[in-house]
Amino acid sequence: MAQSFPFPRRASMRVSFTLALMMLLVFGLIPAVAVLVVSFTDLRGLPGIPVNWVGVENYVSFFSPAKWGDSVNAIRNTIVFAGVSTVAQIVLALGVAIVLNQRIRARNFVRAVVFMPTILGVTVTGLIWSLMFNVTGGPARSVVQAFGGDSAFFGDPNLAMALVIVVQIWMVMGVSVIIFLSGLQAIPEELYEVAAIDGASRWARFRFVTLPMLSPAITANVLLGIVNALQSYQLTYVLTGPFNKATQVLSLLVYVQGFGGKSGTSLSQSQGYASAVSMVQFVIVAVIALASLWYLRGREVRL
Amino acid sequence: MTATRRRRRIPWGAYLRAAVILVVFLFPLLYLLNTALKSNDAFFADPVGLVSDPQWGNFPQAWQQGGFGAFILNSVLYTVGGTLIGTLVTLLLGFPVARGYIWGGKLWSIVFVVILFLPNALITQFQLLLKLGLYDNRLGYVLMVGAGVGIGPLLFSGFVSSVPRELDEAAAMDGIGYWRYLFTFVVPLAKPALTTVAILQGVWIWNEIILATVLLADPAKFPITRGLYNFRDTYSNQWPLLAAATFLVAAPLVVGYIFIQRYLVNGVLGAVKG
């Protein structure tokens, strides 16, 4: 039950709480729940066109042979993007955090620099890396040519996804590094001293002291990384556009189906179908997040 | 003892690795600046070479051709408005929930977690604004991004326990009302948490591009992300100009980041620990 409220007028709290809750409900939670409702309709988006209930038709359509190519492509891209970027980001971030946890000068400066891309955001980051992988003479092309090769980078369907993942890691790694740093700082120095007395090698100290002690930080990073990456599409949108099949993740499919790849109103949009895609994505995110949480929690070391 | 500590060997390996990390994160920005200072001819003659004859004129030209003044003004409006709304919502929801003053108990904390996992609501957010007559409307966009509080309420309600409950009771005894208590006691005491919440949301709103594409149609209302993206489409074959434009947008962010950096990094660290 509610705690006793010490202030004279309970109404002032109720009113302010209700106003804030309305804000969250109307613009946040209701649209999210409405996605499920809309996914059972043939909503097209243009005002004036009648909306009908179509049951599970959108879902059937999503898994039908005609759409299956796009559907499976987007599902695969989403999972590859989320899986590879999360794992690679965590391994690299752990390495960077260990370096930045050592007693070196200017380490606060390096930490700040690593965290900077988060501030720069998707558009600036996307343009910077479009320049780096630019086919008319970006630095990456010069390096490839120096080894006698050539590449279309984002224009190469076999390479586009890998490059988007590289940029994603560059952009969001700072957050993982911060989480690992806070985990590293919580490890008592004595544990390493005891391990050193026992004659443990550097690798053994990392394997049997650092890694187990970091398991809560690893859980946090995996969960945060997976949920963010499964839902992220802004960077992909800026780097390769919404129509590139090689990098089209589920969220971009929602955008393309719902808005024809543009703003507001277009005849090509089928927003009921797009909402069904949103729901499929939601289920995938929930299942993967819960499964990884269950697995990682089971492995965590308790102090 | 300190003397022997001080004479610890310099960790050259760590310095080397830190230098590699620095290069990976700074090189792209420096390369952007290098490109931004070239003329178009110089860029095509030698795209990767160091700039020899800096074209400072690229910056005013990009600024003018991109119409960035208006876009940045829009972004400031959306970011300040949305962040204020979001932080206020976080405060008004988070405090009574964390204290248990509101009926529902633990249920609200679950709501705060569920917010993080909601499905992609692009379609219904667009439909909602359309129905409310707020599509392609600055106020509609601000309300929508303001409601995107994300991890805010969770973070803030975790912090509230560091404000002792006795303070509530003492203030109430002195006849201070709830609202006044929130703004003159809780806000100053919870400043680190609220600042972190505000900065996280502000960064998110400033960088948002797809909601801006879907919810706004009139280019005069676009935020800078959308403006820069359009500029890219128009000048995709003029890398120096495009680089100058990107640098113009990045520069204030980097400068602003230098000031909030300590707050942000420590705030996120604190949020993780708490």
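Numbers restart at 1 for each chain; the letters A, B, ... are given by sequence-line order, proteins then strands.
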Minimum side-chain heavy-atom gap [X]-[Y] below 4.5 Å:
{"X": "B:Phe117", "Y": "A:Leu290", "result": "no"}
{"X": "A:Leu24", "Y": "B:Leu93", "result": "yes"}
{"X": "A:Leu29", "Y": "B:Leu118", "result": "yes"}

- What class does the angle between the rings of A:Tyr237 and B:Tyr229 fall in, given that below 30° is parallel, 30 to 60° is tilted and above 60° is perpendicular?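 A:Tyr237 and B:Tyr229: parallel rings.
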Against chain A, label [X] side chain, backbone, both or neither, depending on which of its atoms sit under 4.5 Å from a heavy atom there.
{"X": "B:Trp12", "result": "neither"}
{"X": "B:Ile176", "result": "backbone"}
{"X": "B:Arg17", "result": "both"}
{"X": "B:Thr225", "result": "both"}
{"X": "B:Ile85", "result": "side chain"}
{"X": "B:Leu129", "result": "side chain"}
{"X": "B:Phe43", "result": "side chain"}
{"X": "B:Gln125", "result": "both"}

Is there a donor-acceptor contact under 3.5 Å from the side chain of [X] to the main chain of [Y]?
{"X": "B:Tyr257", "Y": "A:Leu120", "answer": "no"}
{"X": "B:Trp179", "Y": "A:Ser12", "answer": "yes"}
{"X": "B:Arg232", "Y": "A:Val238", "answer": "yes"}

- Item | Choice from A:Ser16, A:Ala32, A:Ala289, A:Pro8 maximising heavy atom contacts with chain B below 4.5 Å |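 The residue among A:Ser16, A:Ala32, A:Ala289, A:Pro8 with the greatest pair count is A:Ser16.
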- Query: So which of A:Ala34, A:Gly121, A:Pro139 has the biggest tally of heavy-atom pairs under 4.5 Å with chain B?
  - Reply: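 Between A:Ala34, A:Gly121, A:Pro139, the count favours A:Pro139.
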- Under a 4.5 Å heavy-atom cut-off, does chain B meet the side chain of A:Arg105, its backbone, both or neither? both
- Task: State which residues pass side chain to side chain donor-acceptor pair (under 3.5 Å) with B:Gln261; sequence neighbours excluded, sorted by chain then number.
- Result: none
- Apply ring-ring contact (aromatic ring centres under 6.0 Å, His included) to A:Phe5 and list each qualifying residue two or more places apart in sequence or on a separate chain.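 Counting only residues at least two positions away or on another chain, A:Phe5 forms a ring-ring contact (aromatic ring centres under 6.0 Å, His included) with A:Phe7, B:Tyr101, B:Tyr178.
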